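Each ligand, and each atom within it, is numbered from 1 in the order the structure gives. Computed from a predicted model, the values in this text were never measured in an experiment.
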Amino acid sequence: MLSDEKPSVCVLGLGYIGLPTAAVIARSGCAVLGVDVTAHVVDTVNSGKIHIEEVDLEGLVQGVVARGTLRASLHIEPADVFVIAVPTPFGDNHVPDTSYVMEAATNVAAALKVGDTIILESTSPVGTTEKMRDLISKLRPDLKIPGLTNDIPDVAIAYCPERVLPGRILEELTNNDRCIGGITPRCARKALGFYRRFVRGECVTTTARAAEMTKLVENSYRDVNIAFANELSIVADEMELDVWEVIRLANRHPRVNILKPGPGVGGHCIAVDPWFIIHGAPNQTPLIRIAREVNDSKIDHVLEQAARMIDELPGVSVACFGLAFKANIDDFRESPALKIAAKLAQLYGGRIKIVEPYASELPAAFDGTEAELIDIDAALENCPVMITLTDHDIFKSIPLDERTGKVVYDTRGIWPDQPDNVQAVTGLRLAG
Ligand code: SAJ
């Protein structure tokens, strides 16, 4: 392949990152094959549709599938560039599980030819790209592998983390800076040439290990900062202060920017990635570990407060606003909102009503409970108690006169105008 020719690309994993990535690469004119283990995902993509919710993604996928630059399959095929975007969950005791990455690398090894580039995008513990390289070397002894040969290697291997924010994926895929870590500088330069085809942000090269750590550090930085906000909210509850007002005032300082408290931290990234650093350096990470624990324990704090409020108002219906882990998306993975609402449903049965415009039915966590999915209007008509768990824009736009007289526990601070006689802040102001 000459450098000005468009490479053929194979993207392994068509999830929240892999599918948008495949579509954006296909838009740049490269022939892309998306590979996934789920037949439903493959069929959906091949029919020009998508199985996830993401702004503008369906139109893009429809276009590139219609043009023939993107197709999906259950099986890998030879390509010039392989991009691995499979999940890296953790197992028992928060030990990172890289088995999906290694499985993908095994499949790639079978399809590799001289001149190919393999790029890992999945969030991974430091050293994973080298492990992947070692596996490929074992499976393909006929190839000269970077870092293990004194000759010019036959293939390039690099790590390039995704950094996109759900809800803004397409824009951020194109415009964010990328950090590209090569097993060798030559590998990094090869991968750089590929990303420059579809990334407008700056692409910076480094080592694979530094790039792996950079990704983990970004999400841990956010987790630690959210933990600070969550701890403040618990302190404010104790001191009967409005945490939102305190944060607003403190943020007027030119060098202070406190994030927002909430019911806990969710999603498959920020609540997971810090454990990869902790696992790699357990004795050097007290701050990162405690931040994780503070954010996880915020769920229990909210549950306790909510239960106290509900117990003081026997018999009334309670509307939980939101199940998604963050605003304006349909993603319920690792969602504190979902965990809290499901626990309340177990405790209070049919008194609990769920308002979630991004769900067409209640998730499995509610099986066996009598909780019911209702719309915003029904909640405002029939539920004297309202608990906000997700800050969807549609909830924010409910005006004060529709909330007047309600008892509100607003864990997200979406209704700052809620009068004092109800629960306008994370803390409760119940009589006694
Ligand atoms: N949250 C708060 N308070 C805040 C901000 C967030 O409670 O002030 C909560 C959210 O409600 C949510 C969780 O934190 O439950 C995570 O949300 P998020 O918007 O901070 O992040 P994600 O998980 O959607 O995406 C993150 C991003 N990383 C950073 O901002 C450093 C994104 O850029 C990454 O690409 C993504 O993780 C990933 O895939 O790793």
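Judged by the 6.0 Å distance and 45° axis criteria, Arg333 is positioned over the aromatic ring of Tyr16.
For ligand 1, the polar-atom distance check finds no N/O of Glu218 at less than 3.5 Å from any of the ligand's N/O atoms. The shortest N/O to N/O separation between Val164 and ligand 1 falls below 3.5 Å. At under 3.5 Å, not a single nitrogen or oxygen of Thr123, backbone or side chain, sits near a nitrogen or oxygen of ligand 1. Considering backbone and side-chain N/O of Arg222, one or more are found under 3.5 Å from N/O of ligand 1.
Among Val217, Ile17, Leu165, the residue whose heavy atom lies nearest to atom 27 (C) of ligand 1 is Leu165. Among Asp331, Ile169, Val265, Asn219, the residue whose heavy atom lies nearest to atom 31 (C) of ligand 1 is Asn219. Taking each of Ile329, Ile270, Ile226, Leu389 in turn, the one with a heavy atom nearest to atom 26 (C) of ligand 1 proves to be Ile270.
Contact annotation for Lys215 and ligand 1: only side-chain heavy atoms (C-beta onward) come within less than 4.0 Å of the ligand.
Nearest protein heavy-atom neighbour of atom 16 (C) of ligand 1: Gly266 O, 3.7 Å. The shortest contact between atom 39 (O) of ligand 1 and any protein heavy atom is with Glu162 OE2, 2.6 Å. Annotation: atom 12 (C) of ligand 1 to nearest protein heavy atom, Phe325 O, 3.3 Å. Ranking the protein heavy atoms by distance from atom 24 (O) of ligand 1 puts Lys326 NZ, 2.9 Å first. In this structure, the protein non-hydrogen atom closest to atom 38 (C) of ligand 1 is Cys269 SG, 3.0 Å. Remark: minimum distance from atom 11 (O) of ligand 1 to any protein heavy atom is reached at Arg412 NH1, 2.7 Å. Here the protein heavy atom with the shortest distance to atom 2 (C) of ligand 1 is Lys260 O, 3.6 Å. Nearest protein heavy-atom contact of atom 33 (O) of ligand 1 is Arg163 O, 2.7 Å.
If you look at Phe395 and His392, their ring centroids are closer than 6.0 Å.
In the displayed structure, Leu165 atom CG is contacted under 6.0 Å by more than 12 heavy atoms of other residues, nucleotides or ligands. Within 6.0 Å of CD in Glu231 there are 12 or fewer heavy atoms belonging to other residues, nucleotides or ligands. Enclosure of atom CG in Asp56 is not indicated, since only 12 or fewer non-hydrogen atoms of other residues, nucleotides or ligands lie within 6.0 angstrom.
No side-chain heavy atom of Val294 sits less than 4.5 Å from a side-chain heavy atom of Phe228. Put simply, the side chain of Arg163 reaches to within 4.5 Å of the side chain of Asp177, judged on heavy atoms.
Using a 4.0 Å cut-off between charged side-chain N and carboxylate O, Glu162 and Lys215 make a salt bridge. With respect to the salt-bridge test (charged N to carboxylate O, under 4.0 angstrom), the residues Glu212 and Arg209 do not qualify. For Glu370 and Lys353, the salt-bridge test fails: no basic side-chain N is under 4.0 Å from an acidic carboxylate O.
Listed by number with element, the atoms of ligand 1 under 4.0 Å from a non-hydrogen atom of Leu259 are 8 (O). Counting the atoms of ligand 1 from 1 in the order shown, those under 4.0 Å from a heavy atom of Pro166 are 24 (O), 25 (O).
Side-chain atoms of Asp237 and His301 form a donor-acceptor pair, as typed in the model, at a separation below 3.5 Å.
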